[in-house]
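Contents: one structure, followed by commentary.
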Amino acid sequence: MARGLQIKDEESGYNKNLFCIPKHYEEDLERVFIPHGLILDRTERLARDIMQDMGSHHIVALCVLKGGYKFFADLLDHIKALNQNGDKSVPITVDFVRIKSYCNDSPAEKISIVGEELCTLNGKNVLVVEDIIETGRTMKALLSKLKDNEPKTVKVVSLLVKRTHRNPGYRPDYIGFEIPDKFVVGYALDYNEYFRDLNHICILKEKAKEKYRI
């Protein structure tokens, strides 16, 4: 079973004043939950694990937009470094799919998937790169759509997996961090498109949810 770095339920994070936070977000954030440097170190290890498992054949890395773009870029940088410095290397190509499943801080009733070229994944080894898995509904919908296009293999890596009663038990193949049921933003995770431009993963204040609500 895939295991990530466990962040316990009672973990409250770090004082935001100890980190560099953009001025326009200072009043909106409660705490820094996962510092940027820790994210990068964990991502480097995930890259190594993925290459050990999938590094014998061409990999198509499929980025789930928009929230996955930072994790995707950093993960691929680490994989490229392994390709350049290791005893073996494999070609990595990229593709993108956009999924919208949230409105404000609640899962939307309808999940929309936009990715016109998924048919090109036929017969390929696909690595799906996701930012966060909460209920598992979004990923199950995407995997069902991918299956229709008959890839050779599909593996899923998610930076975050949230421990919540709303998840019926879906777990990806690779996990960065297992986190409590807190609403987090930053490192491309958003709240109504805000906070993607924040390096650290942070806990959002309740009053900020009202401020940016649509």
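Basis for what follows: all heavy atoms, side chains included, without hydrogens, waters or symmetry-related copies.
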Note: Glu210-Arg213 ion pair, threshold 4.0 Å (strictly below) = yes
Does Leu65 reach the side chain of Ile99, with side-chain heavy atoms less than 4.5 Å apart?
-> no
Any side-chain hydrogen bond (donor to acceptor under 3.5 Å, both in side chains) pairs touching residues 45-60, not counting sequence neighbours?
-> Arg45-Asp49, Asp53-Tyr174, His58-Thr93
Can you name the residues that form a salt bridge (charged side-chain N to carboxylate O under 4.0 Å, His left out) with Asp9, not counting sequence neighbours?
-> Arg163
For Phe19, does the CZ atom have more than 12 heavy-atom neighbours from other residues, nucleotides or ligands under 6.0 Å away?
-> yes
Apply side-chain contact (heavy atoms from CB on, under 4.5 Å) to Tyr170 and Lys140, showing your working.
-> CA-CA 8 Å; Tyr170 173 76; Lys140 284 184 174 180; 3.9 Å; yes
So, are Asp148 and Lys145 salt-bridged, with charged N and O less than 4.0 Å apart?
-> no
Can you find a pair of side-chain heavy atoms, one from Val161 and one from Phe177, that are under 4.5 Å apart?
-> no
Any side-chain heavy-atom pair from Asp190 and Val185 closer than 4.5 angstrom?
-> no
Would you check if Leu127 and Ile50 make a side-chain contact, meaning some heavy-atom pair closer than 4.5 Å?
-> yes
What is the distance from atom CG of Asn192 to atom CD1 of Ile214, rounded to the nearest 0.5 Å?
-> 4.0 Å
Interatomic distance, Met51 atom CE to Ile79 atom CD1 [nearest 0.5 angstrom] | 6.5 Å
Excluding sequence neighbours, so at least two apart, what forms salt bridge (charged side-chain N to carboxylate O under 4.0 Å, His left out) with Asp181?
-> Arg166
Pair Phe96 + Tyr69: ring centers closer than 6.0 Å = no
Go through the steps for Thr135 and Lys162 under the test side-chain contact (heavy atoms from CB on, under 4.5 Å), then give the verdict.
-> CA-CA 8 Å; Thr135 66; Lys162 194 177 285 191; over 6 Å; no
Considering residues at least two apart in sequence or located in another chain, which fulfil the salt bridge (charged side-chain N to carboxylate O under 4.0 Å, His left out) criterion with Lys66?
-> Glu193
Donor-acceptor contact present, side-chain Thr43 to main-chain Ile39, <3.5 Å | yes
Take Leu118 and Thr120, measure what side-chain contact (heavy atoms from CB on, under 4.5 Å) needs, and give me the verdict at the end.
-> CA-CA 5 Å; Leu118 294 182; Thr120 62; over 6 Å; no
CD1 (Ile179) and CD (Gln6) are apart, to the nearest 0.5 Å, by 11.5 Å
Can you tell me how far the CZ atom of Phe71 sits from the CG atom of Leu76, to the nearest 0.5 Å?
-> 10.0 Å
Per-pair distances, 0.1 Å, donor-acceptor, side chain in residues 25-38, under 3.5 Å, sequence neighbours excluded:
| unit_1 | atom_1 | unit_2 | atom_2 | d |
| --- | --- | --- | --- | --- |
| Tyr25 | OH | Phe195 | N | 2.9 |
| Tyr25 | OH | Asp197 | OD1 | 2.7 |
| Asp28 | OD1 | Lys211 | NZ | 3.1 |
| Asp28 | OD2 | Tyr212 | OH | 2.6 |
| Arg31 | NE | Ser12 | O | 3.4 |
| Arg31 | NH2 | Gly13 | O | 3.0 |

Should Lys124 and Ile59 count as side-chain neighbours, where that means a heavy-atom distance under 4.5 Å?
-> no
Does Arg42 use its side chain to pair, donor to acceptor, with the backbone of Gly176 at less than 3.5 Å?
-> yes
Kindly compute the distance separating NZ (Lys70) from CG (Leu75), expressed to the nearest 0.5 Å.
-> 12.5 Å
Which atom pair, heavy atoms only, marks the closest approach of Val90 to Gly55?
-> CG1-O, 2.9 Å
Distance col, row Asp41:CG vs Leu5:CG, nearest 0.5 angstrom, shows 10.5 Å
Minimal heavy-atom distance between Asn149 and Cys119, with the atoms involved, is OD1-CA, 3.1 Å
Minimum side-chain heavy-atom gap Val60-Val94 below 4.5 Å | no
Do Ile133 and Pro172 come within less than 4.5 Å of each other through their side chains, counting heavy atoms only?
-> yes
Going by heavy atoms in the side chains, are Asp77 and Lys80 under 4.5 Å from each other?
-> yes
Show me the side-chain donor-acceptor pairs of residues 150-159 shorter than 3.5 Å, one per line, residues at least two apart or across chains.
| unit_1 | atom_1 | unit_2 | atom_2 | d |
| --- | --- | --- | --- | --- |
| Thr153 | OG1 | Asn125 | OD1 | 2.7 |
| Ser158 | OG | Leu160 | O | 2.7 |

Go through the steps to decide whether Phe183 and Lys209 satisfy the test side-chain contact (heavy atoms from CB on, under 4.5 Å), and finish with yes or no.
-> CA-CA 10 Å; Phe183 193 83; Lys209 292 182 182 180; 3.9 Å; yes
